[in-house]
Amino acid sequence: MNNQAGVPLFDLQGQFSELQNEIQQAVARVLASGQVILGPEVTALEAEIAAYCGASHGIGCGSGTEALSLALHCMEIGPGDEVILPTFTFFATAGSVARTGAKPIFVDIDPITYNLDPHAVQAKITSRTRAIMAVHLYGQCADMASLWRISERHGVPIIEDGAQSLGAAYQGKPCGSLGAIGCLSFYPTKNLGSYGDAGMVVTSDPAWAERIACLRVHGMQPRYYHKYLGWNARMDAVQACMLRIKLPHLERWIGMRQEAGRRYDSLIEQYRLTQVFSRPTRMPDCRHTFNQYVVRVADDQRDNMVKYLKHEGIGCEVYYPLPLHLQECLLHLGHKEGEFPVAEAACKSVLALPIFPEITAAQQEKVVRTCAAFYSRNAARRAA
Ligand SMILES: *Cc1c(COP(=O)(O)O)cnc(C)c1O
């Protein structure tokens, strides 16, 4: 790495230093209260997040992965059932399905949005389909109008994997209220990031909300009488109190991410990279929250670009290098390379550039300048 200051992929310190006093006071209050798991802080956060998502109930849990598992178990999905999901997403979307004993039914993605392709979803509906997992990747919602039509026609509920998209909206409706159940993550790198693991399920169905809240505590109701086969999926009060300090700032931070997204767009143009970098597309019906700013690198140069950026101290990441249908632990499903060509091509070309609300114009310029330097170096080598 060179000596000049690099640019991190994300920066958790910025928000912490902004809110340090409030966060420390809230944590001290929770520790002094002795109520460190669930309790009033978690209940308050549940109400605040549910309201933000336009849902009537929130159920705080240990992680986004737990939220997905709670949603699937609430719907009593298990062996013999099928759940449709994109092959291009974080592993947890598929892992949570497979771990219920149901079969993950992969579909390909849309090449522009990287979200699941509704035509492919329609083609995979069978009498065993129990749910469709609408993953909203990178901060932009899936094509919900098409998914709603399929869901209605076949009576199959939609579970939103909104782990990357809290604050996103589709036709003005917030992520979390676009399906039967919404699943959120507060993993530190998400748009509302905690200082540890945490997640939440949101829904407007009171019966499901009650069942999920019960599943989260070993299916226990009353104490030591177990109605459902639940497990421990509880949320820590310390995480909840810190998230409550951060939540009132989320809209402003999303605005800063969107501004950073626009700035990358114009820098990429300014440095004449539009032929080799395709920039993220904002769909007309969507509010994109830029949890990630992902470009597509042309001509099989992505991996060389990653090496060069890392060497120059620029944080970057590939979400995701291998589609889920080709993951070792899912090979028993019998999928082959070539089956989902759009997702497989995305795995070879996508690149996430550093983005976080506090990123400066100078940092962004440095990122794009370094990308441009990669190409001029290549051109010079070819000329030599
Ligand atoms: C982060 C993420 C999850 C899992 O959330 P955790 O809180 O890390 O368990 C699930 N799905 C997607 C799409 C994610 O990005």
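We count ligands from 1, going down the list as the structure has it; atoms in each ligand are counted the same way. Please read these numbers as outputs of a predicted model, since none were measured by experiment.
Between Tyr320 and Phe88, the ring planes are perpendicular. Angles over 60° get that label, and only those under 30° would be called parallel.
Considering backbone and side-chain N/O atoms, Asp197 never comes within less than 3.5 Å of an N/O atom of ligand 1. Between Thr89 and ligand 1, not a single N/O pair is under 3.5 Å apart. The shortest N/O to N/O separation between Gly64 and ligand 1 falls below 3.5 Å.
Counting protein heavy atoms only, atom 4 (C) of ligand 1 is closest to Thr65 OG1, 3.6 Å. Among protein heavy atoms, atom 11 (N) of ligand 1 sits closest to Asp161 OD2, 2.8 Å. Looking only at heavy atoms of the protein, atom 15 (O) of ligand 1 is closest to Lys190 NZ, 2.7 Å.
With a 6.0 Å radius and a threshold of 12 heavy atoms from other residues, nucleotides or ligands, His226 has its NE2 atom above the threshold.
Side-chain atoms of Glu82 and Thr126 include a donor-acceptor pair closer than 3.5 Å. Looking only at atom types and distance, the side chain of Thr370 has no donor-acceptor partner in the side chain of Glu312 under 3.5 Å away.
Close contacts of ligand 1 with Ser185, meaning ligand atoms under 4.0 Å from a residue heavy atom, involve 5 (O), 6 (P), 7 (O). Of all atoms in ligand 1, numbered sequentially from 1 with element shown, those under 4.0 Å from a heavy atom of Ala163 are 2 (C), 3 (C), 10 (C), 11 (N), 12 (C), 14 (C), 15 (O). Remark: ligand 1 atoms within the under-4.0 Å shell around heavy atoms of Ser63 are 7 (O), 9 (O).
Between His335 and Phe340, the ring centre distance stays below 6.0 Å. Aromatic pair Trp208/His57: centroids not less than 6.0 angstrom apart.
Proximity of Glu66 to ligand 1 is not established, as no heavy-atom distance is less than 4.0 Å.
Put simply, the side chain of Phe356 does not reach to within 4.5 Å of the side chain of Trp253, judged on heavy atoms.
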